[in-house]
*Asks:* 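Before we start, here is the structure in question, set down as structure tokens.
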2 protein chains.
Amino acid sequence: MSTLWLRYPFVVNTVNTKPYHHGNLREEMVRIGVQLAAEGGPEAVSLRKIARRAGVSPSAAYRHFPGQDSLLGAVRHTAADALGRSMQDAVSQVAADAPAAERVIAAGRGYFEFALDRRMLFRCLASGFELPEQDSQDSPFARLLELVGGLEREALAVVDAAARFDAAVALWSAVHGISVLCTSGALRDVPPPRNRELLEVTLATAVRGLRF
Amino acid sequence: MSTLWLRYPFVVNTVNTKPYHHGNLREEMVRIGVQLAAEGGPEAVSLRKIARRAGVSPSAAYRHFPGQDSLLGAVRHTAADALGRSMQDAVSQVAADAPAAERVIAAGRGYFEFALDRRMLFRCLASGFELPEQDSQDSPFARLLELVGGLEREALAVVDAAARFDAAVALWSAVHGISVLCTSGALRDVPPPRNRELLEVTLATAVRGLRF
DNA sequence: TTGCCATGTGAACGATGTCTACATTGTGGC
DNA sequence: GCCACAATGTAGACATCGTTCACATGGCAA
């Protein structure tokens, strides 16, 4: 009981009168931005709407972001992390003794599943003009490069070491292309067993094409 | 001389006092929209700006388009036509007796060159959520399907007839993917002999991957 | 306690998409 | 030739948006 009495002023402060300072507004705005992006795509990420939902004035955003582009950039960054996680999850479910090609294909599936599962967020990501993403070691592309390296070692495909980057780009292009086409492109209405078939054909073609 | 005198009132009517009715405003607005898109990408296609440049009030646009989305759609349609022309030009420059694979690769090059050459317009195209494009016979994809058919006939690749569509999708994905990556994606800063190398690797990989 | 610095507010500006009521023009039926 | 009607364009308003600037508030360190 006494603890309840002691907590009373705190309750008043958070429920009836909100504090002047939010606490960590930046993270909150990014969180809401991701939510808006997931609902309505990149054009739904409005600075004013985010501020409104965060219970804050529009100009408060400018204490944390130079402008809306920066906010959208932060949202994209978060989305990119989620994409990477989706890829890694898919890869990590492949048996350790499976051939390396299986891992590459699993990464592609993870990419595609993320795109289909969270179309709007993926559209937001794909519409990005700036993707610094120079986390090098942790970026999805770096991971893909590593997987291609696995292909080399197993000689499932003969890939010249200097051309590893090129091979990764070819794979990335195919996966990104089919993902865009099936989420916001000409194939976006293809229903779901068929779109997975198209993914599989595209993946198989790309991987097979790495052999000389 | 007399003809000059006869034309005089007409000159006055077009220069000093503009006519109340534009003539064919719709086409003009689409033309200006394409121009704006080519300069600043899809977000630069503003209904009001187009109306201003056309010398017309903003609400006039609503006599020809239900809304801005429709206007942007018309702009995209025009851009898509240009893309198709770029592909066809590239294909038609291949010698008639060249192997069919050459034609497929040429189509991919035409696609890519359009994307690089008119980045903003291509971004506008790629950001499109709706692409009806059910012109069937004339659409770029239909043409690609035909080219893949050529591949079958020459047995350069063994493609089951029922899987021709899938093969075309795989090719399309690779070409679209590398185009997006090199224009607005992670590879957009790769300078121009290198990005063509990446294109060639991607194209070769995709075509080679169609063999079983 | 005081004063500074980070953070948030309020009002304003110009721009945008869209709507409604009204103005102008070309055209087909008498 | 005239006139009503449909097509087309205008003016003004509204809500929303991104952005800025002067000011308010609060935590924290000297």
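Residue numbers start from 1 in every chain, and the chains themselves are labelled A, B, ... in the order their sequence lines are given, proteins ahead of strands.
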*Asks:* Taking it one step at a time, do A/F122 and A/L116 satisfy side-chain contact (heavy atoms from CB on, under 4.5 Å)?
*Replies:* CA-CA 8 Å; A/F122 181 74; A/L116 273 205; over 6 Å; no

*Asks:* Quick one: are B/V45 and B/I50 in side-chain contact, heavy atoms under 4.5 Å?
*Replies:*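 Answer yes - side chains close enough.
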
*Asks:* For the OG atom of B/S46 and the CG atom of B/L72, what is their distance to the nearest 0.5 Å?
*Replies:*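 These two atoms lie 10.5 Å from each other.
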
*Asks:* Just to confirm, is there a sub-4.0 Å distance from OP1 or OP2 of C/dT16 to any side-chain nitrogen or oxygen of B/R52?
*Replies:* yes

*Asks:* Holding to side-chain hydrogen bond (donor to acceptor under 3.5 Å, both in side chains), I want the full list of residues that pass it with B/E43, two or more places apart in sequence or in another chain.
*Replies:* B/R123

*Asks:* Let me know the distance between CG of B/L72 and C1' of C/dT16, rounded to the nearest Å.
*Replies:* 14 Å

*Asks:* Are the aromatic ring centres of B/F165 and B/F141 under 6.0 angstrom apart?
*Replies:*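 Ring centres of B/F141 and B/F165 closer than 6.0 Å.
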
*Asks:* To the nearest angstrom, how far is A/R26 atom CZ from C/dG8 atom C1'?
*Replies:* 17 Å

*Asks:* Could you work out which one of C/dG8, D/dT8, D/dC17 sits closest to the side chain of A/S46?
*Replies:* D/dC17

*Asks:* Go through it in stages, so that I can follow the logic: the residues are A/E200 and A/R109, the test is salt bridge (Lys or Arg N to Asp or Glu O under 4.0 Å), and I'd like the CA-CA distance, side-chain angles, deciding distance and then a yes or no.
*Replies:* CA-CA 8 Å; A/E200 294 302 326; A/R109 292 201 189 105; 2.7 Å; yes

*Asks:* CD1 of A/I50 versus P of D/dT16: gap in Å, rounded?
*Replies:* 16 Å

*Asks:* Let me know the distance between CG of B/L25 and P of D/dG9, rounded to the nearest Å.
*Replies:* 5 Å

*Asks:* Around atom CZ of A/R118, are there more than 12 heavy atoms from other residues, nucleotides or ligands closer than 6.0 Å?
*Replies:* no

*Asks:* Once you round it to whole Å, what is the distance between C1' of D/dC17 and CZ of A/R53?
*Replies:* 16 Å

*Asks:* If only atom types and distance count, is the side chain of B/R76 paired as donor or acceptor with the main-chain N or O of B/C124 below 3.5 Å?
*Replies:* yes

*Asks:* Where the side chain of A/Y62 is defined as all heavy atoms beyond and including C-beta, which of C/dG17, C/dT9, D/dT19 is the nearest nucleotide?
*Replies:*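 That would be D/dT19.
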
*Asks:* Taking atom P of C/dT16 as reference, at what distance in whole Å does atom CG of B/D69 sit?
*Replies:*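 Computing the B/D69:CG to C/dT16:P distance gives 17 Å.
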
*Asks:* Can a side chain N or O of B/H64 be found less than 4.0 Å away from OP1 or OP2 on D/dG9?
*Replies:*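 For D/dG9, OP1/OP2 do have a side-chain N/O of B/H64 under 4.0 Å.
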
*Asks:* Report the end-to-end axis angle of the helix from C/dT1-D/dA30 to C/dC30-D/dG1; each axis comes from five terminal pairs, and the value is rounded to 10°.
*Replies:* 0°

*Asks:* Without decimals, in angstroms, what is the distance between B/Q68 CD and C/dG17 P?
*Replies:*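 These atoms are roughly 5 Å apart.
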
*Asks:* Strictly distance-based, threshold 3.5 Å: is any side-chain N or O of A/S86 a donor or acceptor partner for the main-chain N or O of A/A82?
*Replies:*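 Not a single qualifying donor-acceptor pair exists.
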
*Asks:* Using atom names, set out every protein N or O paired with an N or O of nucleotides 10-13 of chain C below 3.5 Å, distance rounded to 0.1 Å.
*Replies:*
residue	atom	partner	partner atom	Å
C/dG10	O6	A/S59	OG	2.5

*Asks:* Nearest whole Å is fine: how far is D/dT19 C1' from A/L47 CG?
*Replies:* 9 Å

